[in-house]
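Only one structure is covered here, and it is reproduced in the block below.
Start at 1 and go down the list; that is how both ligands and their atoms are numbered. Everything numeric in this text was worked out from a predicted model, so none of it was measured.
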Amino acid sequence: MKIALACDHGGINLKTAIKKHLEKLDYEVLDFGVNSSESVDYPDYAAKAAKAVVDKEAECGILVCGTGIGIGIAANKIKGIRCATVGDTFSARMTKAHNNANMIALGERVIGIGLGIDIVDAYLNSSFEGGRHQTRIDKMMALESK
Ligand code: RB5
């Protein structure tokens, strides 16, 4: 399974730790940067990873910035993306189960490395429940063309 990863300078330590963790678990990682601590603009990196997800180069994506908020909002501007900013494992599981989120965004300065890795595992190890949730997702995605 291929996973797109991207971050800004505020998320580089957590993104690096997630990449190492995923590769150890034999996931294939598409790393869209950033790979230095120089200040960058998170929408540029959110867009790269989000496009890989909508183009089906990756099955899902994980984004990291300082708060997880800016990079998550930016990703949701790309048509077809459902990105949830999550700071706990329950939300990570639920956003896959109910929203079928194809990306999650994490805030390194908020959650740190240990919880960040647990959240990634919770998200990747959950499954979409379908049924009434698919109806709601269809309605949500229809809003993109309004
Ligand atoms: C960068 O300083 C910071 O604004 C960014 O990482 C993120 O927290 C924005 O939402």
>> Determine whether M94 and V86 satisfy the following criterion, side-chain contact (heavy atoms from CB on, under 4.5 Å), listing intermediate values before the conclusion.
In response: CA-CA 10 Å; M94 295 307 284; V86 286; over 6 Å; no
Among protein heavy atoms, which sits nearest to [atom], and what does the distance come to when rounded to 0.1 Å?
| atom | result |
| --- | --- |
| atom 3 (C) of ligand 1 | R109 NH1, 3.8 Å |
| atom 1 (C) of ligand 1 | H9 NE2, 3.5 Å |
| atom 9 (C) of ligand 1 | Y42 CE2, 3.5 Å |
| atom 5 (C) of ligand 1 | D8 OD2, 3.2 Å |

>> As an exercise, identify every atom of ligand 1 less than 4.0 angstrom from a heavy atom of G66.
In response: 5 (C), 6 (O), 7 (C), 8 (O)
>> Please list, in number order, the atoms of ligand 1 under 4.0 Å from a heavy atom of G70.
In response: 9 (C), 10 (O)
Is there side-chain contact between [X] and [Y], with heavy atoms separated by less than 4.5 Å?
| X | Y | value |
| --- | --- | --- |
| H98 | R136 | no |
| V64 | I71 | no |
| V54 | K79 | no |
| I73 | K77 | yes |

> What do you reckon, does C65 have a nitrogen or oxygen under 3.5 Å from a nitrogen or oxygen of ligand 1?
Replying inline: no
>> I'd like to check whether I69 has a polar contact with ligand 1, where a contact means an N/O of the residue lying under 3.5 Å from an N/O of the ligand.
In response: no
>> Do I62 and M1 sit in one hydrophobic cluster, given that two such residues count as connected whenever their side-chain heavy atoms are within less than 4.5 Å of each other, even indirectly?
In response: yes
